[in-house]
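The structure appears right after this line, and notes come after that.
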Amino acid sequence: MGDFVLAIDQGTTSTRAIVFDGDYRVRGMGQQEFRQHFPRSGWVEHDPEDIWRTTVETLRFALADAALAISDIAAIGITNQRETTLIWDRETGRPIHNAIVWQDRRTADLCNRLKAEGAEKTVTEKTGLLLDPYFSGTKIAWILDHVEGARARAEQGALAFGTVDSFLLWRLTGGAVHATDATNASRTLLYNIAAGAWDDELLDLLRVPRALLPDVRDSAADFGLTDPAVVGAAVPIAGIAGDQHAATLGQACFEPGMMKSTYGTGCFALLNTGAEMVPSRNRLLTTIAYQLDGKPTYALEGSIFVAGAAIQWLRDGLHLIERADQSGPLAEQADPHQNVYLVPAFTGLGAPWWDADARAALFGLTRATGPAELVRAALESVCYQTCDLLDAMKRDWTGGSETVLRVDGGMVASDWTMQRLADLLDAPVDRPLVLETTALGAAWLAARQRGIWPDKDGFARDWRRDTRFKPGMKADERATKLAGWHDAVRRTLTH
Ligand SMILES: Nc1ncnc2c1ncn2[C@@H]1O[C@H](COP(=O)(O)OP(=O)(O)O)[C@@H](O)[C@H]1O
Ligand SMILES: O=P(O)(O)OC[C@H](O)CO
C-alpha cells in the first residue's frame, strides 16, 4: 500500500472521487452527474442505484486518472450530501424507496403539525435543529408510512436507515457495517447532540423504531474494510463526515471563532464554537462540526438554499449568460447608480429567515435595467445572504475574534463576487489553494485515523491561502446597499 488517500464526495448533483497524495495534492479525479427526480412539486428524489453506480465508477475513474490501483490506496474517507434519507432491506441491501433528498418539502405538513403541538422547543434543545422538512427524521417517518409493510418490518429489525454515507458504507463493506458519524447523525432530528446518542423521546415523537438506526462513531474512526468483491481490495474506510463538516475540516477551521462558507448550489456557513454548544437566538442551527477522539466540536451553521443556483438560473432560465464564469465580468459593467436587488427565494428562504412560502423577487428595475444589472443583483444576493448569516452568528456567539471568512465551492472562482463579498462583509475573505476542501477534509479524517497525515496542528499549518480579498467599500455605501437589501427581503417574506 502507498500513502495515497481516496475521498468519495457524494454530492446533490454529482458524485466525485479524488485521490490525494502525501502532500495533499490531487493526483486523480473522477466526477459524474446523475439524474434528479421531481415526482411532484416540491419533491426531490435520487435513485439509490445512481448514487451507488456513480460512486463505484468515479472511484475507478479517479484511480485510472492517478494511474494507481486500489491496492495503492491506504485509506478511504467518505463525505456526502447531508440529510438525504435512505431505507434499505438488511437482507438484500435493496432500498425500499428512492432516496428523499434534503431539498424535498413533502413533510412540511407533518412539521407544521408537530410545531402546532409545541414540539419544536424540545427538538431544538436536543438536536440544535428546527422542525423543518430539510432534516431526515420526518422523511424517515414518511417512508415508513407510505411503503406498504415498511413500519412492521422496521420494527422487526429487517430494515436499515441511513444518510448517504451509511448507505455507501453498507454497500462498500458488502453489508458488514451499518454505521454513520456524529456529524451526519446530528442532521437527522433524532440525535441528541449534547448527550451524543439517539434520543428515545425524539424517536417516539417521529415514530421511528430504534432498530432502524446505524451505530454512531467519531468522524475519524474504523468504519471497516471495503469488500474485495466490490472494489477489488480490502481498504480501510477510516473517515466519514457530512460535506459541510468535511469542508470545515478541509479549511482547517479547528479553532473557535474560525469559519468557512461553501458556495455551491446553495451556501453553507459554519462557525466553529469549540466544545461549547451554542444555542441560536437568531434561527441558525447548532450542529456538530466534527467529532474526534470521542469529543464533539460544535458549530453554528447558516444554510442558504440558493447561491450558485441563482447563476444557473441566469444561464438556463434567463439565458443572460452562456457560462457561469461570464457572470463576474458582466456584473463589473453594471451601472453603479442602479439599485437592483434579487431576493433568490426560488424555493423559499433558509437561514436566518426560514420562510418556506416566500418566492423570489426583483426590486428596483427601471427602463435602463439590462443583463449586467440583473447579473450583478444575482451575484450580490449571495453576498448579502452571507452578510445576514454572519450578522446572526455574531449576535449568537460572543466568543470574539476578528472575522475572516474562508471560502470554497464552485462560485469562489469568481473574483468579482469574492471582492464584493469582502466589501459587503467589511471583512477579509480567504480563498485557499486547494479548492477541493470537502474531499480534502474527508481524506484528512481517514489519513489522520490511519496515522498517515499530521494531526490538527500540522494540517492547519499546511493550509495554504491562494488569495485574500480585502474589504474596500466605504461605510456609507455599504450601509445604503445593505439597507436596500433588507428592505427587499422584508417585502418578500410571507410572515
Ligand atoms: N466563475 C463562476 N462565477 C459564478 N458562479 C460560478 C462560477 N463557476 C461556478 N459557479 C457556480 O458554482 C456552482 C457549482 O459549484 P459546485 O461547488 O460544483 O456545486 P455543487 O457541489 O453544489 O454541485 C454552480 O451553481 C455554478 O453556477
Ligand atoms: O451536495 P451539496 O454540496 O449541494 O451540499 C448539500 C448539503 O449537505 C445539504 O445540507
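Remember, it's 1-based here, ligands and their atoms both numbered in the order they're listed.
- Considering D243, N184, T438 as possible partners of N80, the one that fulfils the side chain to side chain donor-acceptor pair (under 3.5 Å) test is N184.
- Taking a cut-off of under 4.0 Å to the non-hydrogen atoms of I311, the atoms of ligand 1 that pass are 5 (N), 27 (O).
- Counting heavy atoms only, G410 comes closest to atom 17 (O) of ligand 1 of the residues G410, A307, S414.
- With rounding to the nearest 0.5 angstrom, the CH2 atom of W485 is 8.5 Å from the OH atom of Y384.
- Among T163, T127, T287, the one residue that satisfies the side chain to side chain donor-acceptor pair (under 3.5 Å) test with R187 is T287.
- Scanning the protein for heavy atoms near atom 1 (N) of ligand 1, the closest one is D325 CA, 3.4 Å.
- Contacts with ligand 2 closer than 4.0 Å are made by side-chain heavy atoms of E83 only, the backbone lying farther away.
- A cation-pi arrangement is absent between R283 and W353, since the terminal nitrogen or guanidinium carbon is not both under 6.0 Å from the aromatic centre and inside a 45° cone about the axis.
- For T13, the closest heavy-atom approach to ligand 1 falls below 4.0 Å.
- A heavy-atom separation below 4.0 Å is found between S327 and ligand 1.
- By heavy-atom distance, the residue among I321, D415, T265, D243 lying nearest atom 20 (P) of ligand 1 is T265.
- Residue contact check: G11 has heavy atoms under 4.0 Å from atoms 1 (O) of ligand 2.
- Scanning all protein heavy atoms for the shortest distance to atom 5 (O) of ligand 2 gives D243 OD2, 2.9 Å.
- The only option from Y290, F254, W463 that meets the ring-ring contact (aromatic ring centres under 6.0 Å, His included) definition with W444 turns out to be F254.
- Under the 4.0 Å criterion applied to side-chain N and carboxylate O atoms, K481 and E380 are assigned as salt-bridge partners.
- Side chain of K139 to backbone of V101: a donor-acceptor contact under 3.5 angstrom is found.
- Close N/O approach between Q81 and ligand 2 is not found [any backbone or side-chain N/O within under 3.5 Å].
- Of the N or O atoms in Y134, one or more lie within a sub-3.5 Å distance of an N or O in ligand 2.
- A salt bridge does not link E436 with R25: every distance from a Lys NZ or Arg NE/NH1/NH2 to an Asp or Glu carboxylate oxygen is 4.0 Å or more.
- Contact analysis leaves S14 out of contact with ligand 1, as no non-hydrogen atom separation drops below 4.0 angstrom.
- Those atoms of ligand 2 with a heavy atom of Q244 less than 4.0 angstrom away are 5 (O).
- By the 4.0 Å N-to-carboxylate-O rule, D132 lies close enough to R105 to be salt-bridged with it.
- Looking at atom 19 (O) of ligand 1, its nearest protein heavy atom turns out to be G264 CA, 3.4 Å.
- Of the protein's non-hydrogen atoms, the one nearest atom 24 (C) of ligand 1 is Q312 NE2, 3.5 Å.
- Both tests pass for R82 against the ring of F268: distance under 6.0 Å to the centre and angle within 45° of the axis.
- Remark: the backbone N or O of Q251 is paired with a side-chain donor or acceptor of R406 at under 3.5 angstrom.
- Regarding atom 18 (O) of ligand 1, its nearest protein heavy-atom neighbour is R16 NH2, 4.2 Å.
- At the top of the distance list for atom 6 (C) of ligand 1, counting protein heavy atoms only, stands A324 CB, 3.6 Å.
- For a threshold of 3.5 Å applied to N or O pairs, the pair formed by R82 and ligand 2 contains at least one separation below that value.
- Salt-bridge check for D50 with R53: passed, with a basic side-chain N closer than 4.0 Å to an acidic carboxylate O.
- If you number the atoms of ligand 1 from 1 as listed, the ones under 4.0 Å from a heavy atom of G409 come out as 17 (O).
- Of the protein's non-hydrogen atoms, G308 O, 3.3 Å is the one closest to atom 27 (O) of ligand 1.
- Here the heavy atom of the protein found nearest to atom 5 (N) of ligand 1 is M411 CG, 3.4 Å.
- Considering backbone and side-chain atoms together, A413 places no N or O closer than 3.5 Å to any N or O of ligand 1.
- Under a 3.5 Å cut-off, the side chain of T15 and the backbone N or O of G11 do not form any donor-acceptor pair.
- A salt bridge links R217 to D215: one of the charged nitrogens lies within less than 4.0 Å of a carboxylate oxygen.
- Residue T12 has at least one N or O atom closer than 3.5 Å to an N or O atom of ligand 2.
- For ligand 1, the atoms lying closer than 4.0 Å to a non-hydrogen atom of A309 are 25 (O).
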